[in-house]
Amino acid sequence: MKQFFLGLGLVAVLTGGVGGCATNPETMTEDSLLSARITGSVTYRERIALPPGAELYLALLDVSRQDIAATVVADKTFVPERGVPIPFELEYDPADIDPRLSYVMRATIRRGDNVLFMTDSSYGVLTRGFDESVELVLVRSGGTEPIADAELTNTRWMLRTLDNEEVRTQSGQRALFLQFEQESGNNSVFGYSGCNTFSGGYLADGARLSFDGLASTRRACRDGQLEDRFLSALQQTQSYLIQGNWLILFATASEIATFEAWYE
């Protein structure tokens, strides 16, 4: 069995606990010894939809040995077909389960390298009074700040990916963002592109979106590559999609940038 090293970047801990009868491999039938399943659902408290391409990772871990990394007994990754609660089944080999040991379920929801939701405490299964059914509640990654309503205008959209590459904000660094405003029929947009601020106009008609007359300040930048890519993506934008608290920009049919709604 492969080793699993604890950490938020890989997987996070599930909350809660459900009492029930422990699974005892010694009392299983011959057929059930071939495989068994942990069933349940995954949810989170925020009333937002997952962005396209978000994946749910589930892992059954042996956490009995405190002096070594937890061991993965079974795991799976899949793209949810529906919003929360997300039902799941995780198959495992009962021969890998020792009733004297302790097992937990852990999970994350991520999009690419960006962790969206995680779990923050242990959730026992199978042995020591826990059963094979779990209801998992995940928490939002990145803090507890309130999430903006998913409206195109009057929402601060933080840049998360460019050309399917995650945009990371270093500690103490100002986040790159975009904000649309509409007053008396005047559509305006402004934001921060990594070194300079910019502003201009935009046209939105149904799913169509384009930017017009974008201009930025002329501050000298040590590394302006990210800024150039950001502004170039805006110039190429032809349409957009909002899903939950995510804004996705498209050039023709390809995704070029994603943003997350956020309050400062």
Side-chain angles (χ1 to χ4, degrees), residues 1-29 31-65 69-111 114-142 144 243-245:
M1 292 182 288
K2 56 186 177 181
Q3 296 297 310
F4 183 88
F5 293 92
L6 299 179
L8 296 180
L10 295 176
V11 69
V13 190
L14 297 176
T15 60
V18 177
C21 298
T23 299
N24 187 345
E26 296 179 358
T27 62
M28 292 182 178
T29 65
D31 289 339
S32 67
L33 283 173
L34 298 176
S35 67
R37 297 178 180 178
I38 296 174
T39 62
S41 65
V42 170
T43 189
Y44 47 81
R45 296 183 176 88
E46 289 79 2
R47 299 178 60 182
I48 56 177
L50 294 175
E55 295 181 328
L56 171 61
Y57 174 76
L58 297 163
L60 170 63
L61 304 179
D62 176 357
V63 294
S64 304
R65 303 169 180 84
T71 302
V72 176
V73 178
D75 64 352
K76 69 184 294 186
T77 300
F78 65 95
V79 176
E81 297 180 354
R82 50 165 291 180
V84 294
I86 304 167
F88 73 85
E89 292 184 351
L90 177 64
E91 292 189 354
Y92 65 94
D93 185 349
D96 293 333
I97 304 301
D98 186 331
R100 300 168 298 177
L101 304 182
S102 299
Y103 301 89
V104 301
M105 284 289 297
R106 295 176 178 167
T108 55
I109 296 177
R110 64 172 63 239
R111 187 175 189 268
N114 187 22
V115 177
L116 307 179
F117 293 92
M118 63 181 75
T119 48
D120 62 355
S121 62
S122 181
Y123 202 114
V125 290
L126 299 180
T127 61
R128 301 186 182 277
F130 297 104
D131 62 19
E132 305 95 337
S133 179
V134 290
E135 304 298 327
L136 314 178
V137 180
L138 280 63
V139 299
R140 184 171 180 267
S141 174
T144 58
Q243 288 199 341
N245 66 328

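All values below come from the heavy atoms of this structure, side chains included, with hydrogens, waters and symmetry mates left out.
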Supply the atom-to-atom distance Arg106 CZ to Leu60 CG, rounded to the nearest 0.5 angstrom. 10.5 Å

Mind checking what makes side-chain contact (heavy atoms from CB on, under 4.5 Å) contact with Glu89, not counting sequence neighbours? Arg37, Thr39

Specify the closest pair of heavy atoms between Val134 and Gly124, including all atoms of both residues, with the distance to one decimal. CG1-O, 4.4 Å

Phe78 side, atom CZ; Phe88 side, atom CZ - distance, nearest 0.5 Å: 8.0 Å

Is it true that Asp62 and Ser64 share a donor-acceptor pair across their side chains at a distance under 3.5 Å? yes

Over all atoms of both residues, closest heavy-atom pair of Leu116 and Ala54: CD1-CB, 4.2 Å

Can you find a pair of side-chain heavy atoms, one from Val42 and one from Phe117, that are under 4.5 Å apart? no

If you measure from OG on Ser41 to CD1 on Ile86, what distance do you get to the nearest 0.5 Å? 9.0 Å

Is it the case that the side chain of Tyr103 and the backbone of Arg128 share a donor-acceptor pair, with hydrogens and angles ignored and the cut-off at 3.5 Å? no

Working to the nearest 0.5 angstrom, can you tell me the gap between Thr43 OG1 and Leu138 CG? 8.5 Å

Does Thr108 reach the main-chain N or O of Tyr57 with its side chain, forming a donor-acceptor pair under 3.5 Å? no

Tell me which one of Ile97, Leu61, Leu90 satisfies side chain to side chain contact (heavy atoms under 4.5 Å, CB included) with Val73. Ile97

Taking every heavy atom of Thr127 against every heavy atom of Ser102, the minimum-distance pair comes out as OG1-CA, 3.9 Å

Could you state the interatomic distance from CG (Leu58) to CD1 (Ile38), rounded to the nearest 0.5 Å? 9.5 Å

Rounded distance [0.5 Å steps], CD1 in Ile109 versus OH in Tyr44: 6.0 Å

Results of side-chain hydrogen bond (donor to acceptor under 3.5 Å, both in side chains) for Arg82 - residues two or more places apart only: none

